[in-house]
Structure formats: C-alpha cells, structure tokens
There are 2 protein chains.
Amino acid sequence: MFHALADSTRRDIVALVLQGEHSVSDLARRYPMSFAAVQKHVAVLERAGLVSKHRQGREQRVRGEAGTVREAHRLLDQIEAVWRGRLGRIEDLVTSPRSPDTKGDSS
Amino acid sequence: MFHALADSTRRDIVALVLQGEHSVSDLARRYPMSFAAVQKHVAVLERAGLVSKHRQGREQRVRGEAGTVREAHRLLDQIEAVWRGRLGRIEDLVTSPRSPDTKGDSS
DNA sequence: CATTCCTACAACCATCAGGTTGTACGTTAG
DNA sequence: CTAACGTACAACCTGATGGTTGTAGGAATG
C-alpha cells in the first residue's frame, strides 16, 4: 500500500478522485504521460484498495476509497515503528556496554 | 541515507561494525554472497557516512559511525513528517466539504 | 450498421538496485 | 623474489518499475 502511495503521480490521482470521481481518460488527460501509463497507476491504486472503479456506460469512473486512505495513515504508524525498531536496535549496540576493543576477534 | 539503511544486509553490517571493527573480507565471510557484493554494500554505507574505512596493512577495517546512525534516527522524524504531510493533505480532501460547485474544475 | 470514444492488455524500452565474475594491484608472508 | 591475501573496480545478468506504442473489444452515437 505504501508502495502504491510512494509514487507522486499516484498520490495526485488519489487526491483527485477523493474530491470527485473521474474517468480514467479524465485522469489521463491531466498528466504528461500516456493513457496506458495512467491506467497502470490506477490499477496499482486499485490493487491497493485506495481507489475503486465502476463502469458507467463506456466510461470507467474512478473513486477514492477514503477508508483505505485513513487506514494508510494508521499503517504509517506501524511502518514507523518498524524503522524505529531497526534503528533502535542498532543504536543499542552503540551504547551497549560491549567491551570496546576485541582485538582477537573470536574467529 | 535511508536508502543505505533500507537494505537488511547493510543494516546488519552497520550493526556489526558498530560493535567492533571488521575488515571487508571479515564481513564478506559472514554473508552468503560474493566479496564484491559486500564490498558494494560497504561502499554505499561509506558514502552515506554510516561507516568509515581505514587501511591497516593489507586490510581495510570498517568502523561504524555512531554519530551518523543517531542522525539517521533524527532524520527518521523528518521522513515521517513528510509522509504525514502527504497523507494529511490527502485526508483533508476526504473531510473537506466538496468544493462548492466551482464549475470548471479549472485545476 | 459504421464510427468513434473509452478501456484493457500485451510487448517492448530504459533505468536502477543487488548480485556475480573476472581482472588488476598493493601488501605481507615465505 | 614469489606466492598468497585483501581490496578495488569494471562488465555483465536479473528483476522490479515507470513509461511507450500498438492492438483489440465493448459502448454510445450518427
């Protein structure tokens, strides 16, 4: 999911469709890239549950899934925790009372 | 810098050399990959300032730079802030009242 | 019905990161 | 000196990504 939001174009798309539905081509027109590229971005967002599509005539309207976005916010806390855990463990080593200079490396 | 710490092998290396110096080949022996691969990881860490090397005879001893690791921890707060900013902006859209029919969504 | 619009999808290209080999070179041990 | 070790670096492979083009098909319209 964060992978999905890691791309600025995708974040922009989410922001857009959260304000109102847009068809895929509507979205495609707004970016300096091909229709197919935007389509792929939407697909990624859809897989992540951040947006949903529903056909309406020959258009496919894209809508932002507010709930999932909020969930992302919550998930951020977890991701953050993971990083703090990693750095924390490393920092512990820095400060741990480990005997400083083990010349004869246990090998 | 977070790029440097985004790889688990590199995090492990940092943790190791923070506990005591190790030559590059010492490190290489500990991982199921080629010497050159480990060498590259060390190079990435060195470029990020997370470790430093100093020659001692024919060996190149690698040492962890505790200060930079701490800095990383601080930087984490900033990265976190960026994400919160992104998600925050997006969430605002979710809760903000639909733009009062500004007809041409003249972006 | 034929055309046009919107969409889906496959194939292909470039870039980047992590890995592997192979080679070159300085240093230390014999 | 020579051999072996430790290191540096270049070239190449692979998988993931973001992008492009090209093609095919469903839906509205004239």
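Below, each value reflects all heavy atoms present in this structure, side chains not excepted, and no hydrogens, waters or symmetry copies. Proteins get letters first, then strands, A, B, ... in listed order; numbering begins at 1 in each.
The backbone N or O of A:L5 lies less than 3.5 Å from a partner atom in the side chain of A:R11, making a donor-acceptor pair. A distance-only check finds no donor-acceptor pair linking the side chain of B:S25 to the backbone of B:A28 [under 3.5 Å].
For the side-chain contact (heavy atoms from CB on, under 4.5 Å) with A:D12, the lone residue among A:L16, A:V14, A:T9 that qualifies is A:L16.
In summary, the side chains of A:H41 and A:R10 do present a donor paired with an acceptor at a separation below 3.5 Å, with no hydrogens or angles considered. Defined by atom type and a distance below 3.5 Å, a donor-acceptor pair is missing between the side-chain atoms of B:H22 and B:R63.
Distances were taken from every side-chain heavy atom of B:R58 (C-beta onward) to each of D:dG18, C:dT28, D:dT7; the shortest belongs to C:dT28. Listed nucleotides: C:dT20, C:dG18, C:dA8. Nearest to the side chain of B:R10: C:dG18. Comparing atom distances between the B:A36 side chain and each of D:dG22, D:dA10, C:dA8 picks out D:dA10 as nearest. Of the listed nucleotides (D:dG6, C:dC6, D:dT17), D:dT17 has the atom at the smallest distance from the side chain of A:H3.
Across the protein-nucleic acid pair, A:R47 atom CZ and D:dA16 atom C1' stand 13 Å apart, rounded to whole Å. The interatomic distance linking B:D26 (CG) with D:dG6 (C1') rounds to 10 Å, in whole Å. Atom CZ in A:R55 sits roughly 10 Å away from atom P in D:dG26 (whole-Å rounding). Taking atom NE2 of residue A:H54 and atom P of nucleotide C:dA8, one finds them 13 Å apart after rounding to whole Å. As a whole-Å value, the separation of A:H41 NE2 from C:dC9 C1' is 16 Å. Distance CG (B:L45) to P (C:dG18): 10 Å, rounded to an integer number of Å. Going from atom CD of B:E59 over to atom P of D:dA8 covers 11 Å, rounded to whole Å. When rounded to the nearest whole Å, the span between CZ of A:R61 and C1' of C:dT7 equals 14 Å.
Contact annotation: A:Q39 does not reach the phosphate of C:dC9 (side-chain N/O to OP1 or OP2, under 4.0 Å).
Across all strands, A:R29 comes closer than 4.0 Å only to sugar-phosphate atoms, never to a base (heavy-atom distances). Across all strands shown, B:S25 has heavy atoms under 4.0 Å from sugar-phosphate atoms exclusively, and none from any base.
Residue whose closest nucleotide on DNA chain D sits further toward the 5' end, between A:Q56 and A:F35: A:F35.
The base of C:dT20 lies close enough to the side chain of B:K40 for a donor and an acceptor atom to sit less than 3.5 Å apart.
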